[in-house]
Amino acid sequence: MDLHPDIERVLLSEDDIKGIVSRLGAEISRDYADKNPLVVTVLRGAFIFTADLMRAITVPCAVDFMAVSSYGSGVKSSGVVRIVKDLDTNIEGRHVIIAEDILDSGLTLSYLVGLLKGRGAASIRIVAFSVKDIEGHAAAVVPNYVGAHVPDAFVVGYGLDFAERYRNLPYVGVLKPEVYS
Ligand code: IMP
């Protein structure tokens with residue numbers, strides 16, 4: 001496939017992504033046999049990852065969706081998390097796996113974990129498709145399952161956007177800085 005003109009370089013190809021997702025699915029299937037976990041997708045970015053991950057999980061599982069806003073259309077985490085859409089599922093006593101597209105500061109997830117704990121989940125784990133390596137400071141949460149590490153750049157594709165664009169790219173790539181600066 002031709003590289004999109006706004007993309008500086010590809011970090012994870014379609015083949016890389018397939019390998020990552022099937023490994024994560026196998027790890028989760030091994031750990032959650034007989035637990036009927038609820039996979040909670042953080043919309044919108046994680047919807048493509050979750051769709052693939054669900055098909056790589058071989059044990060019974062369910063899915064529900066939440067939407068939070070922490071970024072607007074900018075590129076820096078505001079630290080302010082607002083629930084835009086809440087779960088429909090009662091999670092009391094459920095084993096919850098939060099599926100996230102990219103973990104940056106971790107502020108979004110740390111807020112969500114606190115919120116879902118307060119609702120009485122039996123356990124809460126995080127599967128992050130990607131984790132940004134940020135020099136000099138640690139993220140607010142540590143994911144239990146990590147797909148890939150990406151450099152501290154603005155990345156798009158495979159669900160990740162800039163101002164709602166590029167989610168449909170089938171690979172993960174670094175956005176050219178001139179596109180957002
Ligand atoms: P955090 O709260 O700083 O961990 O931000 C997490 C959220 O910010 C992710 O779910 C994404 O929606 C968004 N985000 C962080 N970094 C990027 C990026 O490089 N590209 C696209 N979205 C990003």
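This is a predicted model, so every value here is computed, not measured. As the structure lists them, so they are numbered: ligands from 1, and atoms in each ligand from 1.
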Applying a heavy-atom cut-off of 4.0 Å, say which part of Leu160 lies close to ligand 1: side chain, backbone, both or neither.
side chain
Assess Val156 for proximity to ligand 1: is some non-hydrogen atom of it under 4.0 Å away?
no
Which atoms of ligand 1 are found less than 4.0 Å from any heavy atom of Thr108?
1 (P), 2 (O), 5 (O), 6 (C)
Which atoms from ligand 1 have a heavy atom of Ser105 less than 4.0 Å away?
1 (P), 2 (O), 3 (O), 4 (O)
Within-shell test, Val150 vs ligand 1, heavy atom, strictly < 4.0 Å
no
Which of the numbered atoms in ligand 1 are under 4.0 angstrom from any heavy atom belonging to Leu107?
2 (O), 4 (O)
Which atoms of ligand 1 sit under 4.0 Å from any heavy atom of Lys132?
16 (N), 17 (C), 18 (C), 19 (O)
Donor on one side chain, acceptor on other, Tyr171 and Asp16, under 3.5 Å:
no
Ser123 side chain to Arg94 main-chain N or O, any donor-acceptor pair under 3.5 Å?
no
Tell me if a side-chain donor or acceptor on Asp161 pairs with a main-chain N or O of Arg167 at a distance below 3.5 Å.
no
Gly106 versus ligand 1: do any nitrogen or oxygen atoms come within less than 3.5 Å of each other?
yes
Measure from the side-chain N and O atoms of Lys132 to the backbone N and O of Ala153, and report whether any donor-acceptor pair falls under 3.5 Å.
yes
Any side-chain donor paired with an acceptor under 3.5 Å for Tyr158 and Asp52?
yes
At a 4.0 Å threshold, what atoms of ligand 1 neighbour a non-hydrogen atom of Ala153?
19 (O)
Can you list the atoms of ligand 1 that are under 4.0 Å from a heavy atom of Phe154?
17 (C), 18 (C), 19 (O), 20 (N), 21 (C), 22 (N)
Using a 3.5 Å distance criterion without hydrogens, assess whether the side chain of Asp64 forms a donor-acceptor pair with backbone atoms of Thr89.
yes
So, is Val155 polar-close to ligand 1, with some N/O to N/O distance under 3.5 Å?
yes
Numbering as shown, the atoms of ligand 1 that approach Asp161 to under 4.0 Å (heavy-atom distance):
21 (C)
Sorted by chain and number, sequence neighbours left out, salt bridge (charged side-chain N to carboxylate O under 4.0 Å, His left out) with Asp88 holds for Lys85
Among residues at least two apart in sequence or on other chains, which ones pass salt bridge (charged side-chain N to carboxylate O under 4.0 Å, His left out) with Glu27?
Arg23
